[in-house]
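Worksheet for the structure shown next.
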Number of protein chains: 2
Amino acid sequence: MNEAMFDFCTTMTDEEDQRARDLIERAAAKWPLRILHVLSEANGPLRFSRLLERVEGISQKVLTQTLRTLEKDGLVIRTLYPQVPPRVEYELTSLGHDLLLQVVTLWRFIVERLPDFDADKAKRAS
Amino acid sequence: MNEAMFDFCTTMTDEEDQRARDLIERAAAKWPLRILHVLSEANGPLRFSRLLERVEGISQKVLTQTLRTLEKDGLVIRTLYPQVPPRVEYELTSLGHDLLLQVVTLWRFIVERLPDFDADKAKRAS
DNA sequence: CAGAATCCTACCCGATACTG
DNA sequence: CAGTATCGGGTAGGATTCTG
């Protein structure tokens, strides 16, 4: 069962493993999930300044940085409208949406078992 | 559908949300998943030095630190056998095992769609 | 408006001793 | 064996200022 569970691990190359690992690490960092969530709630494109408002606590610099990374990873699309003043919109890709769905599943699992995520309780239960 | 997807978000308190977020961030950091995976493969308790060998590249200090965090989060159990020289064993809790199962699901999703995780391809597909 | 550039700080992590 | 203690480099992220 443990073997079956990790079967797919043996069928992937080291490079695939490393890329997946990197993606998870980047996506689970401080801000990316919040940004994806806000974009998902918006249910459509959002301007940079809207994101800056709605992702509470993020700085302009880090928002820019993180959006660039999300774009490189194929999770959001950046659209520049060449106007003065400039207008830039960000929206989820379908991949970004699907990934968020997966993460929400994990999220729900954690929230449901939140009482267990405590050392003493876990010790007693095992 | 987007609403249904995030229904549970509205039913949880801010504190629950924050705790879940923190747990994901900690678990998805550089080393924790590797450690959990190694413990899962071992299919039983492992001594500190075995972990140090099998979690390739980790330093002794960071392994200790990370194990402490995993223990606090209820994902591993630390058992000290008061001998000389001391012997300490770590093993997955059932919660740790379950969490790893969830993460592996996510992992598989990412590996399967790895070709999509690329900005240009995603842009063309959308 | 949407950023780029700069400065600064805190923290993570690795390497290296040392200890019960 | 399984740590703790200490030092140092690298980096993520915040605050601020400037610009097309």
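Convention: sequence-line order gives letters A, B, ...; per-chain numbering from 1.
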Tell me: [atom1] of [X] to [atom2] of [N], nearest whole Å?
X       : N      : atom1 : atom2 : value
B/Arg26 : C/dC11 : CZ    : P     : 15 Å
B/Ile58 : C/dG14 : CD1   : P     : 7 Å
B/Glu89 : D/dA2  : CD    : P     : 9 Å
B/Leu52 : C/dC13 : CG    : P     : 16 Å
B/Gln65 : C/dC13 : CD    : C1'   : 8 Å
B/Leu51 : D/dA2  : CG    : P     : 9 Å
B/Phe48 : D/dG3  : CZ    : P     : 5 Å
A/Leu63 : D/dA15 : CG    : C1'   : 15 Å

Would you indicate which nucleotide in [options] comes nearest to any side-chain atom of [X]?
X       : options                : answer
B/Pro86 : C/dC1, D/dC1, C/dG14   : D/dC1
B/Gln60 : C/dA17, C/dC13, D/dG14 : C/dA17
A/Arg68 : C/dA4, C/dA2, D/dG3    : C/dA4
A/Val88 : C/dA5, C/dA2, D/dC1    : C/dA2
B/Trp31 : D/dG13, D/dG3, C/dC13  : C/dC13
B/Ser49 : C/dA17, D/dC1, C/dG3   : D/dC1
A/Arg78 : C/dG3, D/dA2, C/dC13   : C/dG3
A/Lys61 : D/dT4, D/dG14, D/dA2   : D/dG14

Query - B/Glu16 and B/Arg19 ion-paired at < 4.0 Å - result: no
Query raised in the report: Just how far is it from atom CG of B/Asp17 to atom CG of B/Asp22, taken to the nearest 0.5 Å?
Result: 9.0 Å
Query raised in the report: Between CG of B/Leu114 and CD of A/Glu15, what distance do you get to the nearest 0.5 Å?
Result: 8.0 Å
State whether [X] places a side-chain N or O below 4.0 Å from either non-bridging phosphate oxygen (OP1 or OP2) of [N].
X       : N     : result
B/Arg47 : D/dC1 : no
A/Thr64 : C/dG3 : no
A/Tyr90 : C/dG3 : yes
A/Arg50 : C/dA2 : no

Requested in this report: Classify the side-chain pair B/Asp98/B/Gln102 by whether it contains a donor and acceptor separated by less than 3.5 Å.
Outcome: no
Query raised in the report: In terms of side-chain heavy atoms, does B/Thr64 have a donor or acceptor partner in B/Gln60 at a distance below 3.5 Å?
Result: yes
Query - Base C/dA2 paired with A/Gln83 side chain (donor-acceptor, <3.5 Å) - result: no
Requested in this report: Tell me which of A/Pro85 and A/Ala29 sits closer to the 5' end of DNA chain D, going by the nucleotide each one is nearest to.
Outcome: A/Ala29
Requested in this report: Classify the ring geometry between A/Phe117 and A/Phe109 as parallel (under 30°), tilted (30 to 60°) or perpendicular (over 60°).
Outcome: perpendicular
